[in-house]
Amino acid sequence: MPTTLTITPPDDFDLARDVCSYGYFLLEPNHWDPDSATLARVLDLEGGAAGVVIVQQPGGTLRARFDRSLDRREQAEARSQITRMLALDVSASEVAEFHSVDPRWKKSGRGRLFRSPTLFEDVIKTVTSCNVAWPSTITMNRRLCEVMGRPCPSGPRAFPTARKLARAKPETLRARCRVGYRDARMVELAKLFVRGEIDESWLADPATDDEAVFKFLKSLPGIGPYAAGNIMQLLGRYSRLAIDTESFRHARTVLGMDGSDAELTRALHAHYDPFGRHRFRSYWFELWDYYESRKGPAHTWDKHTTGTTFTATRLNAAPERKRPGRSG
DNA sequence: GGTAGACCTGGACGC
DNA sequence: GCGTCCAGGTCTACC
């Protein structure tokens, strides 16, 4: 008999808002259904892949319905992955602290950022987002699942595990998943995870200094300043910005800044410094708010249409869309 | 420490 | 339909 788990989230948790808070919710194997307000995806668990559909019930409780039976150990594993993915470990008081630093997001309640069930998936997704337009990131993630992911009983495939990618040939990734020159870097990253050379508990430990984490991440293959900053926020460390071309577009079109990339970088750092250890959140929700002003509320985006349009060129060309009563 | 050029893919554009 | 150009972040070689 298929397993259903009941999960009690923090009081302020809102599934639609908190899933549709970061672009990875549009990437395979994630499927947000705007009509039913459910998140479906495949989790790779000890005993194999399992499809899950997550819905929030009227009282706030989350129900995770699987397409097969999970034993006790797998249930614990699934809970842990869902907790990471939905940032359920970010307490209401932490979100409130963010709002005290940046009150612009108090009304909407934004504070949590969606991520992947595992750090490995977040790292590989970040690599697929580097030096490429968003539609190619979508393609790479889809093909990685199709080619390398384990299928669940109901059909769809999981994101490939580190063990699977560590055994893959770079040529296979390049030819079948269209990852280009990222092929060998991805395999090397997977090997580092499998060999235990990426110490997740050290990276997650609040006692570990942000600077040390950033330095370590930048030493990994395929991870530069942007990717390291992005992985830090996916680790729940929001003190750094992840500056890319979208940041420069935001600086020019929304913040009214001007100058060379180096000048804009300095100006962006100065602009977000007052938000301290919440810098990334303040930056990101500004960016997200701009996207929503163009495309409507994120929880209404269809991954196959609206969800493919996020590149600086297309955003600059798109007309602004009116939204009912929004203030962040 | 700073910078130029290569890396690869897919989309836009011109013919 | 084909060829060319360009965007995108990281890495290496070089100054």
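None of the values given here were measured: they were computed from a predicted structure.
- Taking atom CD1 of residue I138(A) and atom P of nucleotide dG11(B), one finds them 10 Å apart after rounding to whole Å.
- Between E94(A) and R112(A) there is no salt bridge, since no side-chain N of the basic residue sits under 4.0 Å from a carboxylate O of the acidic one.
- Counting to the nearest Å, the P atom of dG10(B) and the CE atom of M140(A) are 8 Å from each other.
- Rounded to whole angstrom, the span from the NZ atom of K218(A) across to the C1' atom of dT12(C) amounts to 15 Å.
- R143(A) has its CZ atom 10 Å from the P atom of dT9(B), to the nearest Å.
- Rounded to an integer number of Å, the gap from N131(A) CG to dT12(C) P is 15 Å.
- Out of dG8(C), dG10(B), dT10(C), the shortest distance to the side chain of Y226(A) is found at dT10(C).
- Closest contact between the side chain of R178(A) and the listed nucleotides dG10(B), dT10(C), dG8(C) involves dG10(B).
- Rounding to whole angstrom units, CE of residue M186(A) and P of dT9(B) are separated by 12 Å.
- Atom pair L189(A):CG and dT10(C):C1' shows a separation of 12 Å (rounding to whole Å applied).
- A salt bridge is absent between E121(A) and R115(A); no separation between the charged side-chain nitrogens and carboxylate oxygens falls under 4.0 Å.
- Distance, I223(A) CD1 to dC11(C) C1': 13 Å, rounded to whole Å.
- Between dC7(B) and R182(A), no contact under 4.0 Å exists linking OP1 or OP2 to a side-chain N or O.
- Applying the 4.0 Å criterion to OP1 and OP2 of dG10(B), one finds that T139(A) has every side-chain N and O outside that range.
- The residue L220(A) sits close only to the backbone: its heavy atoms come under 4.0 Å of sugar-phosphate atoms, none of a base.
- Checked against dG8(C), dT10(C), dC8(B), the side chain of R174(A) finds its nearest nucleotide in dC8(B).
- Checked by distance alone, Y181(A) brings a side-chain donor or acceptor within 3.5 Å of a matching partner on the base of dG9(C).
- The pair D273(A)-R279(A) meets the salt-bridge criterion, with a side-chain N (NZ, NE, NH1 or NH2) lying under 4.0 Å from an Asp/Glu carboxylate O.
- We find that E28(A) and K303(A) are joined by a salt bridge, their nearest charged nitrogen and carboxylate oxygen being less than 4.0 Å apart.
- Minimum heavy-atom separation, T208(A) to W202(A): OG1-O, 2.7 Å.
- Closest to the side chain of P225(A), out of dG10(B), dT10(C), dG9(C), is dT10(C).
- Phosphate proximity of dG10(B) to S136(A): absent, as no side-chain N or O sits under 4.0 Å from OP1 or OP2.
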